[in-house]
Amino acid sequence: QVQLVESGGGLVQPGGSLRLSCAASGSFTIDSMGWYRQAPGKQRELVAAVTSGGSTNYADSVKGRFTISRDNAEKTVYLHMNSLKPEDTAVYYCNVNGRSPGVIGVEYYWGQGTQVTVSS
């Protein structure tokens with residue numbers, strides 16, 4: 001059984017930093033990991049993603065400020081957020097695409113979400 005546990009959210013002032021973590025457990029092979037966010041009145045959007053090979057992509061709004069990284073041995077993905085702005089306020093969700101033994105095709109897993117609030 002695959003489970004994702006997120007941590008690291010909280011309240012920070014503009015210009016501050018946070019690091020989000022998402023730890024995956026279970027016997028499965030990861031194709032990619034990513035972070036999405038959803039703000040009030042907005043649709044969920046991709047923030048950053050990283051493949052098992054290390055390639056990354058970012059939303060234009062966070063380029064130069066956020067960095068996604070992974071620890072393959074621990075099946076953990078991180079999102080380092082710097083120079084935070086009020087518009088970064090949202091619930092951040094971890095997403096993992098992978099494959100499990102005995103399951104045909106790609107599986108999609110979501111974390112429970114962690115609140116990030118940027119306010120003075």
#### Entry: Side-chain touch Val96/Cys94, heavy atoms, less than 4.5 angstrom
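Val96 vs Cys94: side chains touch.
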Is a donor on one side and an acceptor on the other found under 3.5 Å between the side chain of [X] and the backbone of [Y]?
{"X": "Arg70", "Y": "Ser52", "value": "yes"}
{"X": "Tyr58", "Y": "Ile68", "value": "yes"}
{"X": "Gln3", "Y": "Ser25", "value": "no"}
{"X": "Thr29", "Y": "Gly98", "value": "no"}
{"X": "Glu74", "Y": "Ala23", "value": "no"}
{"X": "Lys75", "Y": "Gly26", "value": "yes"}

Is there a path of hydrophobic side-chain contacts, each under 4.5 Å between heavy atoms, that joins [X] and [Y]?
{"X": "Leu18", "Y": "Trp35", "result": "yes"}
{"X": "Tyr36", "Y": "Val2", "result": "no"}
{"X": "Val12", "Y": "Val62", "result": "yes"}
{"X": "Tyr92", "Y": "Val5", "result": "no"}
{"X": "Val106", "Y": "Met33", "result": "no"}

### Message
Using the rule given for side-chain contact (heavy atoms from CB on, under 4.5 Å), can you reason through Phe66 versus Asp88, listing the C-alpha separation, both sets of side-chain angles and the distance that settles it, and then say yes or no?
### Response
CA-CA 11 Å; Phe66 292 9; Asp88 294 318; 3.9 Å; yes
Let me have the donor-acceptor pairs involving side chains of residues 77-87, under 3.5 Å, with sequence neighbours excluded, atom names and distances please.
unit_1 : atom_1 : unit_2 : atom_2 : d
Asn82  : OD1    : Ser17  : OG     : 3.0

### Query
Quick one: do the Tyr109 and Glu107 side chains pair a donor with an acceptor below 3.5 Å?
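Yes - a donor-acceptor pair under 3.5 Å links their side chains.
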### For Glu45, salt bridge (Lys or Arg N to Asp or Glu O under 4.0 Å) partners two or more places apart
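By the salt bridge (Lys or Arg N to Asp or Glu O under 4.0 Å) rule, Glu45 matches Arg37.
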Any idea which heavy atoms bring [X] and [Y] closest together, and the distance?
{"X": "Tyr93", "Y": "Gly111", "value": "CD2-O, 3.8 Å"}
{"X": "Gly9", "Y": "Val116", "value": "CA-CG2, 4.2 Å"}
{"X": "Cys22", "Y": "Leu4", "value": "SG-CB, 4.0 Å"}
{"X": "Ser27", "Y": "Pro101", "value": "O-CD, 2.9 Å"}

### Query
When rounded to the nearest 0.5 angstrom, what distance separates CZ in Arg99 from CD1 in Ile104?
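The CZ atom of Arg99 sits 10.5 Å away from the CD1 atom of Ile104.
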### Message
Measuring from atom CG of Asn97 to atom OH of Tyr108, what distance do you get when rounded to the nearest 0.5 angstrom?
### Response
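These two atoms lie 5.5 Å from each other.
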### Task
Using side chain to side chain donor-acceptor pair (under 3.5 Å) as the criterion, list what pairs up with Arg44, not counting sequence neighbours.
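Residues passing side chain to side chain donor-acceptor pair (under 3.5 Å) with Arg44: none at all.
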